[in-house]
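Written out below as structure tokens is the structure these notes cover.
Residue numbers count from 1 along this sequence. Hydrogens, waters and symmetry mates are skipped; everything else that's a heavy atom, side chains included, is used. Because the structure is a prediction, the values reported are computed rather than measured. Read the numbers this way: they start at 1 and go in the same order the structure lists the ligands and their atoms.
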Amino acid sequence: MRPLAHGAAHHCFGCGKANRSGLRLNFLVSDEGLIVCRTKIPARFEGPPGYVHGGVIATLLDEAMSKANRACNVIAMTRHLEVDYRRPVPLRSTIEITARHLKAEGRKHFCEAEIRLHGETLASGKALFIAVTKQFLLSRTKD
Ligand SMILES: CCCCCCCCCCCCCC(=O)SCCNC(=O)CCNC(=O)[C@H](O)C(C)(C)COP(=O)(O)OP(=O)(O)OC[C@H]1O[C@@H](n2cnc3c(N)ncnc32)[C@H](O)[C@@H]1OP(=O)(O)O
């Protein structure tokens, strides 16, 4: 596994190092394109007492899948996201998020992701991403 160089914005809520309120996730990638992130989710992202908020769980899955696209050199935005909340995800425990790119059909990219704790799958997701141009992605940025 090696660190994934993904070029995402520094203020990204999921992975931006400059976003002090965000999740600041770090991702690894295998030679086969499997994305892995091991992280502890801080208490400020609480939903049910002691557990991660469901919207944050969706973010973790979405973020990991978007990195699976980046590992394929694809710049894409989420068009459709499905989440299976199988078990609550505890705060402050080292969870493992994995994701992979499954297939492409033209601009459509299909990915899947899971969140595990001690080998048990707590949540899983699937998403459709649509490839966009760099110009489209950056059209609202200011320098
Ligand atoms: C600068 C370089 C550095 C790189 C940094 C990288 C960072 C990357 C950032 C990562 C951010 C992280 C991730 C985030 O958080 S991204 C943030 C959350 N996502 C968004 O905000 C995206 C909002 N949506 C849009 O802007 C548009 O919809 C986009 C641009 C994505 C596509 O609009 P466009 O008008 O082009 O396309 P379309 O909407 O007609 O749809 C396209 C196709 O999809 C088909 N379809 C739809 N639904 C389904 C379905 N359920 N099952 C199967 N198919 C479905 C549909 O029929 C159509 O098919 P076809 O008719 O064409 O065959």
Side-chain angles (χ1 to χ4, degrees), residues 1-48 50-117 120-143:
M1 302 292 288
R2 60 184 187 282
L4 175 72
H6 50 75
H10 290 328
H11 288 92
C12 172
F13 176 74
C15 64
K17 295 288 167 261
N19 189 335
R20 297 172 74 87
S21 326
L23 293 159
R24 299 169 113 184
L25 302 170
N26 287 305
F27 292 92
L28 301 173
V29 60
S30 74
D31 289 343
E32 295 74 36
L34 177 72
I35 300 296
V36 177
C37 170
R38 292 187 188 93
T39 190
K40 292 180 186 182
I41 304 300
R44 67 179 185 278
F45 296 113
E46 188 171 63
Y51 293 105
V52 182
H53 192 283
V56 174
I57 291 170
T59 300
L60 295 171
L61 296 166
D62 184 38
E63 191 71 27
M65 287 188 275
S66 83
K67 297 305 183 268
N69 288 326
R70 291 303 296 140
C72 302
N73 285 319
V74 170
I75 298 175
M77 293 181 84
T78 318
R79 179 66 170 78
H80 181 81
L81 173 66
E82 292 173 29
V83 179
D84 269 332
Y85 296 97
R86 300 176 185 213
R87 297 280 181 272
V89 177
L91 295 163
R92 299 183 297 262
S93 297
T94 303
I95 53 171
E96 182 178 77
I97 311 159
T98 57
R100 67 180 76 242
H101 182 278
L102 297 174
K103 63 174 180 176
E105 289 172 7
R107 292 173 63 213
K108 298 182 209 175
H109 294 267
F110 296 85
C111 300
E112 67 180 13
E114 288 195 3
I115 298 173
R116 290 194 203 85
L117 178 67
E120 183 186 15
T121 301
L122 306 180
S124 59
K126 291 180 183 175
L128 165 66
F129 292 81
I130 306 295
V132 296
T133 62
K134 221 184 257 191
Q135 290 72 20
F136 180 84
L137 186 71
L138 300 177
S139 58
R140 285 186 66 87
T141 56
K142 294 179 247 164
D143 36 18

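The shortest distance between side-chain heavy atoms of Leu23 and Thr59 falls below 4.5 Å. Between Arg92 and Ile41, every side-chain heavy-atom pair lies at or beyond the 4.5 Å cut-off. Within the 4.5 Å cutoff, no side-chain heavy atoms of Cys37 are placed close to those of Glu63.
Here the rule is side chain to side chain contact (heavy atoms under 4.5 Å, CB included) with Leu122, and of Arg86, Arg87, Glu96 only Arg87 fits it.
For atom 19 (N) of ligand 1, a protein heavy-atom neighbour is present inside the 4.0 Å cut-off. Within 4.0 Å of atom 46 (N) of ligand 1, at least one protein heavy atom is present. Within 4.0 Å of atom 61 (O) of ligand 1, not a single protein heavy atom is present. The protein does not reach atom 27 (C) of ligand 1 closely, with no heavy atom under 4.0 angstrom from it. The protein does not reach atom 33 (O) of ligand 1 closely, with no heavy atom under 4.0 angstrom from it. Distance check on atom 12 (C) of ligand 1: some protein heavy atom falls below the 4.0 Å cut-off.
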Next on the checklist: With side-chain contact (heavy atoms from CB on, under 4.5 Å) as the criterion, how do Ile75 and Asn69 come out once you've worked through the C-alpha distance, each side chain's angles and the decisive distance to 0.1 Å?
Outcome noted: CA-CA 7 Å; Ile75 298 175; Asn69 288 326; over 6 Å; no
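In this structure, CZ in Phe129 is found 15.0 Å from NZ in Lys108, a value given to the nearest 0.5 Å. In this structure, the separation between CG on Asp62 and NZ on Lys67 is 9.0 Å, given to the nearest 0.5 Å. Atom-to-atom distance recorded for Ile115:CD1 and Ile57:CD1 is 6.0 Å, nearest 0.5 angstrom. For the atom pair NZ of Lys40 and CZ of Phe45, the computed distance is 15.5 Å after rounding to the nearest 0.5 Å. Thr141 contributes atom OG1, which lies 12.5 Å from atom NE2 of His11 (distance to the nearest 0.5 angstrom). Annotation: the span from His109 atom NE2 to Arg107 atom CZ amounts to 9.0 Å, rounded to 0.5 Å.
Close approach of ligand 1 to Lys134 is summarised as follows: ligand atoms under 4.0 Å from at least one heavy atom of the residue are 1 (C), 2 (C). Of all the atoms in ligand 1, the ones that sit under 4.0 Å from a non-hydrogen atom of Arg70 are 4 (C), 6 (C).
In terms of protein heavy-atom proximity, atom 17 (C) of ligand 1 is nearest to Met77 CE, 4.1 Å. Ranking protein heavy atoms by distance to atom 7 (C) of ligand 1, first place goes to Leu137 CD2, 3.9 Å. From the protein, the heavy atom lying nearest to atom 5 (C) of ligand 1 is Gly7 O, 3.7 Å. What sits closest to atom 31 (C) of ligand 1 on the protein, heavy atoms only, is Ile130 CB, 3.8 Å. Residue, atom and distance of the protein heavy atom nearest to atom 10 (C) of ligand 1 are Ala76 O, 3.7 Å.
Residue Lys108 has at least one nitrogen or oxygen atom sitting less than 3.5 Å from a nitrogen or oxygen atom of ligand 1, judged on distance alone. The N/O atoms of Arg79, backbone and side chain alike, include one that comes under 3.5 Å of an N/O atom in ligand 1. Inclusion of Ser66 in the set of residues having an N or O under 3.5 Å from an N or O of ligand 1 is not warranted. For a threshold of 3.5 Å applied to N or O pairs, the pair formed by Arg107 and ligand 1 contains at least one separation below that value.
Nearest to atom 50 (C) of ligand 1 by heavy-atom distance, out of Ile75, Leu128, Asn69, Asp62, is Leu128.
Counting non-hydrogen atoms of other residues, nucleotides and ligands closer than 6.0 Å to NE2 of His6 gives a total above 12.
The proximity of Thr78 to ligand 1, defined as any non-hydrogen pair under 4.0 Å, involves the side chain as well as the backbone.
Residues forming a side chain to side chain contact (heavy atoms under 4.5 Å, CB included) with Leu34 (at least two apart in sequence, or on another chain): Ser30, Val36, Thr98, Arg100.
Distances from ligand 1 to the non-hydrogen atoms of Gly14 include no value under 4.0 Å. Ligand 1 has no atom lying under 4.0 Å from any heavy atom of Glu105.
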